[in-house]
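Data block below; observations after.
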Amino acid sequence: MKFARFTVDSAPHTGILEGDTIREIKGDPFTNWTYTGNVFLSSQVKFLAPLEPNQIVGIGANYVAKVEEIPEELPAIPVFFFKPVSSVIGPEEDIIIPEGIEQVKFESELAIVIGREAKNVPESEVLDYVFGYTVGNDVTAPQFFRQDGHWTIGKAFDTFTPLGPVIETELDPFAIKVEARLNGTEKQNSATDLMIIPIRKMISYLSSVMTLKPGDVILTGSPLGAEMVQAGDVIECEIKEIGTLKNTFVTARESASVV
């Protein structure tokens, strides 16, 4: 199923996307929900980020160019970071480049949505705790990175975590490709078997450190090919089985003038 959040006449709704229509639901998508009977055309709604995350965890530098480059010995402590939930936006919303800099970096990623509370979960069982998957763009301002590895500020700005367009619950995360097009030109296109820290190990490790809860989002890393971009550029992050997450970069000044 493809779970979506959307607005109609500014009123928020949740539903299941089926072809060109959305069947509205009520209740908690993670536990218990029912259809309301209302149906909307997808062309007549505004899609929002498909969830309001509980927390967002990302992993850094997690792809290689080819399988042969995956290290035989994986790092004992993977490089993880947090992103604030205030950075989340949905499809077609503007990504605001912070005042004082001219460029930021896009990073197309597979985003995992946790559906059950998970603590100390073995690798063999982690997928039982996954609700579904969406597309993420881990927008980054590297200019704010510190030499000691402090990444938080560079990834924390408002609008720096586009998610969407839906959460796909019926997906094989090991049989997809993570893609990105910048102004229509392909920049990223990699299968998930090029991850250094694979999905099962990633979730199991995180659950050994913290209790993962429904609504937590894990950004699984971005393939090679991400680039610096500037105002006016249009980025399309895509996983074909989920959909396309399209956003436009604007300056903080442009954003303020719209308001």
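Keep in mind that this is a model prediction, so the values were computed, not measured.
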* To do: Let me see the working for Lys46 and Glu92 under salt bridge (charged side-chain N to carboxylate O under 4.0 Å, His left out), right down to the final yes or no.
  => CA-CA 9 Å; Lys46 172 180 171 55; Glu92 302 292 345; over 6 Å; no
Is a side-chain N or O of [X] found less than 3.5 angstrom from the main chain of [Y], in a donor-acceptor match?
X      : Y      : result
Arg23  : Ile16  : no
Gln188 : Ser108 : yes
Glu93  : Ile89  : no
Asp28  : Phe30  : yes
Lys213 : Gln55  : no
Asn247 : Gly90  : yes
Thr159 : Ile96  : yes
Asn183 : Asp233 : no
Thr140 : Pro142 : no
Ser42  : Thr21  : no

In this structure, are over 12 heavy atoms from other groups packed under 6.0 Å from [X] atom [atom1]?
X      : atom1 : result
Glu99  : CD    : no
Asp20  : CG    : no
Glu52  : CD    : no
Lys26  : NZ    : no
Glu102 : CD    : no

Tell me, do [X] and [Y] make a side-chain contact under 4.5 Å, heavy atoms counted?
X      : Y      : result
Phe249 : Ile235 : yes
Ile203 : Val130 : yes
Leu48  : Thr7   : yes
Val57  : Phe82  : yes
Leu110 : Ile239 : yes

Under-4.0 Å salt bridge between [X] and [Y]:
X      : Y      : result
Arg181 : Glu236 : yes
Glu18  : Lys2   : no
Arg116 : Asp128 : no

Taking all non-hydrogen atoms of both residues, which atom of [X] and which atom of [Y] are closest, and how far apart?
X      : Y      : value
Leu163 : Ala111 : CD2-CB, 4.4 Å
Pro214 : Gly115 : CG-O, 3.5 Å
Tyr63  : Thr220 : CE1-O, 4.3 Å
Val104 : Phe160 : CG1-CZ, 3.8 Å

* Asked: Hey, any chance Leu127 and Met195 share a hydrophobic cluster, counting ILVMFWY side chains that come within less than 4.5 Å of each other, even indirectly?
  -> yes
For residues [X] and [Y], is any side-chain donor paired with an opposing acceptor at under 3.5 Å?
X      : Y      : answer
Thr244 : Glu238 : yes
Glu123 : Ser204 : no
Thr211 : Glu117 : no

* Asked: How long is the gap from OG on Ser43 to CD1 on Ile22, to the nearest 0.5 Å?
  -> 9.0 Å
* Could you label the plane-to-plane angle of the Tyr205 and Phe80 rings as parallel, tilted or perpendicular, counting under 30° as parallel and over 60° as perpendicular? => parallel
